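Have a look at the structure below, then the notes.
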Number of protein chains: 2
Amino acid sequence: MIKNTRRTQRGETSLTRARIVAEAIALLDTKGESGLTFRALAAALATGAGAIYFHVADKDDVLNAACDAIVAPALDAAAKGATPRERLRTIGLGLFDAIDAHPWVGTELARAPGTMPMMRIVEAVGQEVSAMDVAPATLWSGASALCSYILGVAGQNAANARLGQERGIGRAAFLDELAHRWSQLDAGTYPFTRSIAEQLRVHDDRADFLAGIDLILDGMAARRSR
Amino acid sequence: MIKNTRRTQRGETSLTRARIVAEAIALLDTKGESGLTFRALAAALATGAGAIYFHVADKDDVLNAACDAIVAPALDAAAKGATPRERLRTIGLGLFDAIDAHPWVGTELARAPGTMPMMRIVEAVGQEVSAMDVAPATLWSGASALCSYILGVAGQNAANARLGQERGIGRAAFLDELAHRWSQLDAGTYPFTRSIAEQLRVHDDRADFLAGIDLILDGMAARRSR
DNA sequence: ACCTGAACACCGTTCAAGT
DNA sequence: ACCTGAACACCGTTCAAGT
């Protein structure tokens with residue numbers, strides 16, 4: 001706080017882990033996953049590439065911290081509602097929206113199990129499942145099914161957004177293109193995919209995501225009453 | 001077939017897309033995802049790096065073809081059973097085992113939506129859901145929930161295997177380490193994760209995976225009867 | 001203690017030159 | 001038509017040298 005006097009006098013802030021992570025997020029949001037390089041980071045922070053290593057361990061460290069900086073507040077803002085089920089829906093939706101706004105978070109979550117953001121999700125989901133009056137055996141399988149499902153959706157959403165961005169057409173246009181390709185598939189070998197193509201075009205991501213959560217919760221409820 | 005006479009006389013096969021993909025799979029299996037480079041591929045195929053580009057478009061093309069070469073036969077071998085539910089379980093398990101044997105497939109599936117292996121999975125799952133007497137609305141949400149769940153598990157499994165390999169300790173040891181870390185979490189802020197740590201150590205991946213599928217299927221069944 | 005920036009050991013991809 | 005391998009434009013990471 002009281003150090004780096006010369007720099008702060010000039011109105012420049014000193015290089016900190018927090019500034020590095022913030023700039024990494026800005027880079028990831030604006031340039032996509034390939035936009036985060038130590039050289040770009042150094043340029044944006046007006047420093048040398050090597051200086052960054054004084055505050056972070058490596059690129060994974062930066063990526064993970066950036067991911068946590070999105071996930072943690074998203075989870076804190078969620079978990080509203082009278083019943084565990086309602087809270088689970090708001091938690092899922094909070095994550096969904098956060099990943100929708102920052103697709104690289106979805107990619108990162110799929111890459112780093114056992115890290116902070118991951119643990120926060122497991123805990124948030126698990127606490128609500130615990131409050132749900134389910135059999136002990138269903139506690140583990142239910143919570144992990146929910147987490148896997150959420151991460152699966154996150155990963156696919158992230159991939160769609162990334163491919164849309166890479167091709168410079170955006171996610172919506174990418175999905176539209178995909179739907180068109182599906183609709184032209186051979187009806188003999190791909191009857192289902194072909195029949196569902198139109199759904200892909202008009203579907204509501206958020207609603208479908210919630211429907212999946214409800215399906216799992218209903219499955220858990222069915223288990224309880226048997 | 002009749003070309004490349006000089007090479008085939010010497011017992012060497014000519015460079016083909018199939019050979020490239022086969023060697024890529026071998027490299028991915030033995031050296032992990034970072035082991036697949038065009039230089040390593042060229043060395044293994046006893047050719048120049050540039051020659052490979054005559055048969056494939058780019059690295060994504062190789063990765064995608066390799067992924068499909070694992071997924072397609074895995075799906076063909078699966079889909080056994082009397083009821084759609086049983087077939088869905090064998091399909092899921094077939095994929096699970098294939099990804100367990102080739103973790104990089106899990107990573108690749110999460111990276112490339114709308115590609116061949118992905119479409120095969122959607123179709124295989126969708127056909128069974130279609131045969132299951134569910135409401136039209138549940139057809140889409142059920143099939144996509146199942147796919148998202150399967151891909152989510154695949155991604156996490158792949159990440160665990162990759163991290164285990166990168167640290168040179170294997171996946172089991174990595175999970176053990178993770179379980180230990182979870183067991184030492186603060187009971188106040190991470191009560192669930194802490195309480196579930198022992199489960200993480202002793203759990204059966206395959207059984208848990210199936211339990212999640214059953215949960216979703218039960219949820220779909222519950223929907224039908226209401 | 002913190003920062004600089006050149007250097008190292010890699011990448012994917014291209015392309016003139018060969019056969 | 002197919003292959004070679006040097007070259008290009010990058011990476012993440014390290015580290016002597018500076019302040």
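A note on names: the letters A, B, ... follow the listed sequences, proteins ahead of strands, and every chain is numbered from 1. Source: prediction; values computed, not measured.
With the nearest nucleotide of DNA chain D identified for both A:A51 and A:K59, A:K59 has the one nearer the 5' end. Map B:R39 and A:F54 each onto its nearest nucleotide of DNA chain C; the residue landing nearer the 5' end is A:F54.
In this structure, B:R206 does not pair ionically with B:D100, as no charged nitrogen and carboxylate oxygen lie closer than 4.0 Å. Using a cut-off of 4.0 Å between Lys/Arg side-chain N and Asp/Glu carboxylate O, A:E177 and A:R167 are scored as salt-bridged.
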Discussion item. Counting Watson-Crick and G-U wobble pairs with both distances under 3.5 Å, what is the dot-bracket string for DNA chain C, 5' to 3', using [ ] for crossing pairs and | for pairs to another strand?
Written reply: ||.|||||...|||||.||

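Ring centers of B:F209 and B:F96: under 6.0 Å apart, within the cut-off.
Remark: P of C:dG12 and CD of B:E33 are 13 Å apart, rounded to the nearest angstrom. Nucleotide D:dG12 holds its P atom 11 Å from the CG atom of A:D60, rounded to whole Å. The nearest whole Å value for the distance from the OH atom in A:Y53 to the C1' atom in C:dC2 is 17 Å. One can place CD1 of A:I20 at 12 Å from C1' of C:dC2, the figure rounded to the nearest angstrom. Whole-Å rounding puts the B:R19 CZ to D:dC3 C1' distance at 13 Å. For the pair B:D58 CG and C:dT13 C1', the interatomic distance rounds to 9 Å; values are reported in whole Å. Between A:L45 atom CG and C:dG5 atom P there is a gap of 14 Å when expressed in whole angstrom units. As a whole-Å value, the separation of B:I52 CD1 from C:dT13 P is 11 Å.
Put simply, the residue from B:R171, B:R201, B:R181 that forms a side chain to side chain donor-acceptor pair (under 3.5 Å) with B:D176 is B:R201.
As judged by a 4.0 angstrom heavy-atom cut-off over every strand, A:L41 is placed among residues making no nucleic acid contact.
In this structure, B:S141 OG and A:I213 CD1 are separated by 12.5 Å, a value rounded to the nearest 0.5 Å. In this structure, CG in A:L28 is found 9.0 Å from CD in A:E108, a value given to the nearest 0.5 Å. One distance of note links CG of B:L45 with CD of B:E23; it measures 5.0 Å at 0.5 Å rounding.
When distances are taken from the side chain of A:F38 to each of D:dG12, C:dT13, C:dC3, the shortest belongs to D:dG12.
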